[in-house]
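The next block holds one structure in the form of C-alpha cells; read it before the comments.
We count residues from 1, following the sequence as given.
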Amino acid sequence: MEEEYVILVNESDEPIGLMPKMEAHQKALLHRAFSVFVMNDKGETLLQQRAKEKYHSPLLWTNTCCSHQRDGESNIEAGKRRLMEEMGFSTELKELFSFIYKAPFDNGLTEHEYDHVMMGSFLGEPNINPNEVADWKWMHPEDIKRDIEDNPEQYTAWFKIIFERFYDHLMQNIPAS
C-alpha cells in the first residue's frame with residue numbers, strides 16, 4: 001500500500017511541505033485536513049462509527065467523513081473523494097469554515113489540524129466501506145448534543161470540538177416541517 005502524505009501548513013493555511021501521515025501525527029505537526037457533515041431532509045446528520053482497525057479512535061462515533069487533502073487537491077475535491085471512499089455516495093459540498101485544533105491520543109499520536117469543515121445533503125442509505133466504517137446512523141443535532149454530554153467517551157475528539165462550533169449552523173439548516 002502506498003504511503004499517504006499530508007500537507008504541512010502554517011497558521012495561515014499556507015503549504016510548507018509534505019510529510020508521511022504517521023510521521024506528522026507522531027510529531028504533532030500542523031497539517032491540512034477536512035471534515036464533512038451530511039444532512040438529510042429531516043434535519044438529521046449522518047454519523048459514522050470508525051472501523052475497529054483504525055490506528056486511532058477506533059469504534060468511536062464521528063461526523064460523516066474526514067481525512068486529509070492530497071497535494072494539488074482542493075478541499076471540495078478531497079471531501080467528495082473521501083465521502084465516496086468511506087460512505088459510498090457523492091453529493092455537492094459547501095465549505096463553511098475552518099479552524100485549528102490539537103488533540104493528543106493515548107497511543108502517542110496527535111492530531112494537529114487546520115480543519116476545513118464542509119456540509120452537504122443526501123437522502124438514502126450509504127454503502128459503507130467496512131475497512132473505514134463499522135456502522136452509521138442518522139441523528140438529529142439536538143440528540144447528538146445530548147448524547148455527547150451523556151457519553152463523551154463514545155465520540156472522537158475532533159467531532160466534539162467541531163460539533164460545539166457547528167451546532168448553531170446545523171440547527172439553522174433543519175428543514176421546516
Side-chain angles (χ1 to χ4, degrees), residues 3-39 45-51 54-87 91-120 132-133 139 141 144-145 147-149 151-173:
E3 188 169 32
E4 280 188 68
Y5 283 78
V6 295
I7 303 167
L8 300 178
V9 296
N10 62 23
E11 292 193 358
S12 298
D13 195 30
E14 297 165 336
I16 57 173
L18 297 175
M19 182 175 279
K21 179 173 76 171
M22 290 301 290
E23 184 179 351
H25 289 125
Q26 289 164 346
K27 294 179 176 178
L29 296 176
L30 183 62
H31 58 278
R32 192 174 289 161
F34 64 87
S35 296
V36 174
F37 284 73
V38 171
M39 295 184 79
T45 302
L46 180 58
L47 300 183
Q48 70 153 276
Q49 184 181 36
R50 290 170 57 86
K54 289 291 200 173
Y55 66 94
H56 71 73
S57 309
L59 298 177
L60 296 184
W61 288 96
T62 196
N63 49 291
T64 312
C65 82
C66 53
S67 191
H68 304 93
Q69 296 84 334
R70 292 179 176 156
D71 191 29
E73 187 177 48
S74 76
N75 297 330
I76 298 294
E77 289 168 342
K80 287 182 167 189
R81 170 184 51 82
R82 201 64 186 147
L83 193 57
M84 182 57 78
E85 291 171 358
E86 290 187 19
M87 302 301 284
T91 190
E92 291 303 309
L93 297 175
K94 178 181 177 183
E95 189 168 344
L96 299 176
F97 63 91
S98 56
F99 71 105
I100 295 172
Y101 78 95
K102 193 172 190 177
F105 298 107
D106 293 341
N107 64 3
L109 301 176
T110 299
E111 287 282 15
H112 188 194
E113 298 187 332
Y114 196 110
D115 197 21
H116 296 264
V117 179
M118 297 174 252
M119 187 172 196
E132 300 288 341
V133 180
M139 279 184 81
I144 297 170
K145 185 176 185 178
D147 199 45
I148 288 174
E149 289 169 3
N151 304 292
E153 72 287 350
Q154 293 181 12
Y155 291 89
T156 62
W158 64 89
F159 179 67
K160 291 182 281 191
I161 295 166
I162 297 168
F163 192 78
E164 184 178 324
R165 292 182 184 217
F166 200 46
Y167 180 76
D168 289 338
H169 189 84
L170 288 172
M171 294 304 290
Q172 292 166 7
N173 282 279

(message) Nearest 0.5 angstrom please: Phe34 CZ to Ser98 OG, how far?
(response) 14.0 Å
(message) My understanding is that only residues two or more places apart in sequence, or in another chain, count here; which of them pass side chain to side chain contact (heavy atoms under 4.5 Å, CB included) with Ala51?
(response) Glu53, Lys54
(request) Just jot down the side chain to side chain donor-acceptor pair (under 3.5 Å) partners of Gln49, sequence neighbours excluded, or say none. (result) none
(request) Work out which heavy atom in Arg70 is nearest to a heavy atom in Ile7; give both atom names and the distance. (result) O-CD1, 3.5 Å
(request) Specify the closest pair of heavy atoms between Thr91 and Gly120, including all atoms of both residues, with the distance to one decimal. (result) CG2-CA, 4.4 Å
(request) Go through Met87 and Arg82 one step at a time and tell me if the side chain to side chain contact (heavy atoms under 4.5 Å, CB included) criterion holds. (result) CA-CA 8 Å; Met87 302 301 284; Arg82 201 64 186 147; over 6 Å; no
(request) Mind listing the closest non-hydrogen atom pair of Met39 and Pro141 along with its distance? (result) CE-CG, 4.3 Å
(request) Would you indicate whether the side-chain heavy atoms of Leu47 and Trp61 approach each other to under 4.5 Å? (result) yes
(request) Grab the two heavy atoms, one from Pro152 and one from Lys160, that are nearest each other, plus how far apart they are. (result) O-NZ, 3.0 Å
(request) Might you point out which heavy atoms bring Gly79 and Cys65 nearest each other, and give the distance in Å? (result) O-SG, 4.3 Å
(message) Is there a side-chain contact between Leu109 and Met22 in this structure, where contact means two heavy atoms from C-beta onward sitting under 4.5 Å apart?
(response) yes
(request) Enter the distance from Leu30:CG to Ile16:CD1 here, rounded to the nearest 0.5 Å. (result) 7.5 Å
(request) Decide side chain to side chain contact (heavy atoms under 4.5 Å, CB included) for Ile144 and Phe159; before the verdict, give the C-alpha distance in whole Å, the side-chain angles of both, and the deciding distance to 0.1 Å. (result) CA-CA 11 Å; Ile144 297 170; Phe159 179 67; 3.8 Å; yes
(message) A quick test of your reading: do over 12 heavy atoms of other residues, nucleotides or ligands sit less than 6.0 Å from CD of Glu77?
(response) yes
(request) Could you check if a side-chain atom of Gln48 sits within less than 4.5 angstrom of a side-chain atom of Glu132, using non-hydrogen atoms only? (result) no
(request) Can you see which heavy atom on Ile162 is nearest to which on Ser35, and at what distance? (result) CD1-OG, 3.3 Å
(message) Using a 6.0 Å cut-off, check whether atom CD of Gln154 has over 12 heavy atoms from anything other than its own residue.
(response) yes
(message) Could you go through Asn63 and Phe166, starting from their C-alpha distance and side-chain angles, then the distance that decides it, and tell me whether this counts as side chain to side chain contact (heavy atoms under 4.5 Å, CB included)?
(response) CA-CA 11 Å; Asn63 49 291; Phe166 200 46; over 6 Å; no
(message) Can you tell me how far apart CD1 (Ile100) and CG (Asn10) are? Round to the nearest 0.5 Å.
(response) 8.5 Å
(message) Rounded at 0.5 Å granularity, tell me how far CD1 in Ile161 sits from NZ in Lys102.
(response) 12.5 Å
(request) With rounding to the nearest 0.5 Å, note down the distance linking OG in Ser67 to CG in Leu83. (result) 11.5 Å
(message) Is the distance from the ring center of Phe163 to that of Phe37 below 6.0 Å?
(response) no
(message) Do Tyr155 and Asp147 make a side-chain contact, defined as non-hydrogen atoms from C-beta onward lying under 4.5 Å apart?
(response) yes
(message) With rounding to the nearest 0.5 angstrom, report the CZ to CG distance, Arg50 to Leu59.
(response) 10.0 Å
(request) Please identify each residue that fulfils ring pair (Phe, Tyr, Trp, His ring centres under 6.0 Å) with Tyr114, with sequence neighbours left out. (result) His116
(request) Any chance you could lay out the side chain to side chain contact (heavy atoms under 4.5 Å, CB included) test for Ile76 and Glu92, step after step, and finish with the verdict? (result) CA-CA 9 Å; Ile76 298 294; Glu92 291 303 309; over 6 Å; no
(message) Enumerate the salt bridge (Lys or Arg N to Asp or Glu O under 4.0 Å) contacts for residues 5-23, please, sequence neighbours excluded, ordered by first and then second residue.
(response) Glu4-Lys21, Asp13-Arg32, Glu23-Lys27
(request) For His25, enumerate each residue passing the side chain to side chain donor-acceptor pair (under 3.5 Å) test, keeping only those at least two apart in sequence or located in another chain. (result) His31, Tyr55, Glu111
(request) Only counting residues at least two apart or in another chain, list the ones meeting side chain to side chain donor-acceptor pair (under 3.5 Å) with Thr62. (result) Thr156, Trp158
